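See structure below.
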Amino acid sequence: MNGGSRSLRVSIFLPLAMLLIIGSSAMFWISETARNSHEYAEIHQQQVTKALEVVVSSKASIAEIDRYVGEVTSFDRIIPQDEISETFTSLRRKVLADLKELTLHVEMGVDAETLLELERSAIEWADNAEIALGLRPSSNIPTFENLSVKKNRIQSTMSSVYAQARIFEERAMIENRSRFREHMTAAQISLIVLLIVGGLIAFYRANHLASALQRLSSDMTRIRNGQFNVQVEDATRKDEIGEMARNVASFSRDLQELTATKEHVEYLALHDPLTGLRNRRCMDRKLDEIHGTDNSDEEWIAMHIDLDRFKIANDTHGHHAGDEILRAVAQVLNQQVSPSDLIFRVGGDEFLVLSRENATQEKATKLAASIIRGASTPIRYNGAKLQVNASIGIAFYSQSERDPELLLSNADLALYDAKAAGRGLFKFSSKAQRIQRERQRTTLEQLKRGLAKQELLVHFQPQVDVSAKRVIGMEALLRWDHPERGTLAPIHFLDLAMDNGLGDELTSICIQQSIEALKNWRDLAIDVPRVSLNFAANQLRNPGLIDELNQRVCDSGLSSRDISIEIVESVLFGDREDLAISQVKRLRDLGYKIELDDFGTGHASISNLTRFKVDRIKLDRMFVSDIDSNKDKHTIVSALTDLAGKLDIECLAECGETPSERDELLSLGCTQFQGYLFSRPQSQPAITLWLLHRNSIEVSSNQAV
């Protein structure tokens, strides 16, 4: 990582460093060029100045010699020979030294031949002067005029040398300035070239870096837009761009995995894991989506499918068998519906199909028939043949009804009708159903308010033994003291309450008020041997029912033999695995009396009485009514009472509303009665007064209350 960081910093800062080095080098070069040119000019200037000084000095020395020769030769004063020799020798040496030095500056533009000639002339002149001064013996003594001519020639030559040095000085200055400009121009051109090269390198590197960053930015944009399978180009680079590219690639893979995981989680949240179909949550979302779509022309078919006899197969063969049935039904649905249709599993054995392609009643009829036919096909599981049927309720989502909840409610009502019609059928939603549904909704709301206001009360109807002329029990019958409709029997609200989760509350009310009434009669010394409670199959399937009943009985000081449990024969002789049957067996084991209500109206065999011992059977009014004039009923009741007597089972006749019917039943050996001939169902206070004020039970119609 550190190596990559240094590499990227080099990529960023190297061009800048190159430009800085190039600029610094160029400035140094220019400075050095200027300094060298200045030093070169200064050296030449010093040399020229020195040469000029030598020329001036030489001229002065020659003039001094000339003056001294003139002074000596004028004989104005007597000068000793030694002094003349010493002075002249000193001046001569100086002149020759100056001339010797002047020859060293021949490169200053002075002609070498001129300098040599000047030196020879000066030596010759000095020699002549020395002869003229008598310092050197010679026969040819030069005249003063001759010395002056030679002196003048020497001075003229020196003036020429001086002039040439001046010219050389000026030329050298011009040449130095020209050389300086050339060096400066070369330095500037070199600087420009280097700057251009460095700039191109910097631009190339910057452009390369910008391109890499732009590619990374494009990759990130694609990732942000959901394209997670991007191919990052710079992942093989060794610098930070490569590191960033690898991080982007890793980030893309992580997001791809997270997205796949999220989609899988969403799929699981919206689909049933067993069948792979959409679940209820997905259905709610889809219905909201349909409702939110502003498309008034769109119509949908909703088909609510419920499997018949599924629970029996599931309980008999196990949950794995039930799962196999559900998967088979899901496969049937997938095969029957079109690709644009939607299938949901909305409950344990419930499905919903939403179809919008050609949403007509004809299509719905054909589709429902094919689904029922496919669902009823037997399947094999562990050697057993499993078969269920399907009931279907059909409703339409159209321009006139665009409420998703109403759509489902209509389909539910149609399904209810299909099951009520015999199962394995389909029914369409109708206006009558919707009216009934509204009535039920209103009734349900009123029932909830009634429960809160304690409008649900238990009424009691006496059970009498005519031969013994005494009350042998009371049947507890739940009534609703409706504030507008008066006293309502359970037929008006019980099924509605059970279907909407109010059954347990009604059961508790019935148990509580019945036991309180029996306890009150015992406290008043009124002889009521027992109270009969009616329990439907759904109530018996409540695991907490027996515990609640036992607790109420125990708290009141009563015992289980004071309570009878009335059930219909379809509960007792139905599926042996049903929880309701095990609950009834447990109640019997705890000492509660078991009575079969409406005996003879169900589909159970009489032989089942030997399988489960009951304490009393109640002959339904369909056998009792008109028994005095109907021979067939007379024969049936005679056989039933005879059978009950032989099995040691009590027999009670419901109704017996006329004296002749009563007498006919008495002749057949049935002495226990319950009906309007003796008393209608009444509230606890009213039936208590009835019990307190009766003297005896007269078996006559004028004693009906």
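What you are looking at is a predicted structure, and each value in this text was computed from that prediction instead of being measured. Residue numbers run from 1 in the order of the sequence given.
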Taking the side chain as every heavy atom from C-beta outward, state whether K427 and I394 have any pair of such atoms under 4.5 Å apart. no
Looking only at heavy atoms, what is the nearest atom pair of K311 and D315, with distance? NZ-OD2, 2.5 Å
Are the side chain of Q539 and the backbone of A536 linked by a donor-acceptor contact shorter than 3.5 Å? yes
Answer with yes or no whether the side chains of N279 and H271 bring together a donor and an acceptor at under 3.5 Å. no
So with a 6.0 Å cut-off around OH of Y416, is the heavy-atom count from everything else above 12? no
Would a distance-only check, ignoring hydrogens and angles, find a side-chain to backbone donor-acceptor pair under 3.5 Å from S409 to E405? no
Taking C-beta and beyond as the side chain, do F428 and D417 meet within less than 4.5 Å on heavy atoms? no
Check: R345 side chain, G348 main-chain N or O, donor-acceptor pair, under 3.5 Å: yes
Start with the C-alpha gap between Y592 and D615, add the side-chain angles, then the distance that decides, and say whether side-chain hydrogen bond (donor to acceptor under 3.5 Å, both in side chains) holds. CA-CA 10 Å; Y592 294 96; D615 298 285; over 6 Å; no
Can you tell me if D642 uses its side chain to pair, donor with acceptor, with the backbone of S638 under 3.5 Å? no
Close side-chain approach of E438 to R441, heavy-atom, < 4.5 Å: yes
Passing option when L494 is tested against L506, N534, L502 for side-chain contact (heavy atoms from CB on, under 4.5 Å): L506
Can you name the one residue among S514, P681, S532 that meets side-chain contact (heavy atoms from CB on, under 4.5 Å) with L477? P681
Under 3.5 Å, is there a donor-acceptor pair linking the side chains of D272 and T275? yes
Other residues, nucleotides and ligands only: do more than 12 of their heavy atoms fall within 6.0 Å of CD on E445? yes
Taking side-chain hydrogen bond (donor to acceptor under 3.5 Å, both in side chains) as the cut-off, I'd like each qualifying pair that reaches into residues 367-386, sequence neighbours left out, listed once. Q336-S370
Short side-chain to backbone donor-acceptor contact, R280 and V346, under 3.5 Å: yes
Under 3.5 Å donor-acceptor, E661 side chain and D626 backbone: yes
When you measure from the side chain of E350 to the backbone N and O of H304, does any donor-acceptor pair fall under 3.5 Å? no
How about I305 and V353: do any of their side-chain heavy atoms sit closer than 4.5 Å? yes
On a heavy-atom basis, the closest approach of L665 and V624 is CD1-CG1, 3.6 Å
Give a yes or no on whether the backbone of N542 and the side-chain of Q583 come within a donor-acceptor separation of less than 3.5 Å. yes
Can you give me the closest heavy-atom contact between L496 and Q440, atom names plus distance? CD2-O, 3.3 Å
Under 4.0 Å between a side-chain nitrogen and a carboxylate oxygen: does that hold for R586 and D547? yes
So E475 and Q674, side-chain hydrogen bond (donor to acceptor under 3.5 Å, both in side chains) or not? Walk me through it. CA-CA 9 Å; E475 181 178 5; Q674 177 182 340; 2.4 Å; yes
Can you check whether L457 reaches W480 side chain to side chain, under 4.5 Å on heavy atoms? no
Is any side-chain heavy atom of F351 closer than 4.5 Å to a side-chain heavy atom of D306? no
Quick one: do the R530 and Q463 side chains pair a donor with an acceptor below 3.5 Å? no
Shortest non-hydrogen pair, L668 vs T641, comes out as O-OG1, 3.3 Å
Do V388 and D308 come within less than 4.5 Å of each other through their side chains, counting heavy atoms only? no
Between the OG atom in S429 and the CG atom in L408, the distance rounded to the nearest 0.5 Å is 11.5 Å
For A302 and A411, which heavy atoms make the closest approach, and how far apart are they? O-CB, 4.3 Å
Is the closest side-chain donor-acceptor distance between D341 and S338 under 3.5 Å? yes
Can you check whether D504's main-chain N or O pairs, donor with acceptor, with S508's side chain at less than 3.5 Å? yes
Flag if over 12 foreign heavy atoms under 6.0 Å of CZ, R588: yes
Do C282 and F344 have side chains that get closer than 4.5 Å, going by heavy atoms? yes
Taking only distance into account, with no hydrogens and no angle test, what donor-acceptor pairs under 3.5 Å do side-chain atoms of residues 482-492 form with protein atoms, sequence neighbours excluded?
| from | atom 1 | to | atom 2 | distance (Å) |
| --- | --- | --- | --- | --- |
| H482 | ND1 | E484 | N | 3.0 |
| H482 | ND1 | R485 | N | 3.0 |
| H482 | NE2 | Q446 | OE1 | 2.8 |

So the side-chain hydrogen bond (donor to acceptor under 3.5 Å, both in side chains) pairs with at least one residue in residues 326-335 (sequence neighbours excluded) are E324-R327
Residues V458 and A476: closest non-hydrogen pair is CG1-CB, 3.6 Å
NZ/NE/NH1/NH2 to OD/OE distance under 4.0 Å, K618 and E654: yes
salt_bridge(E362, K366) N-O dist < 4.0 Å: yes
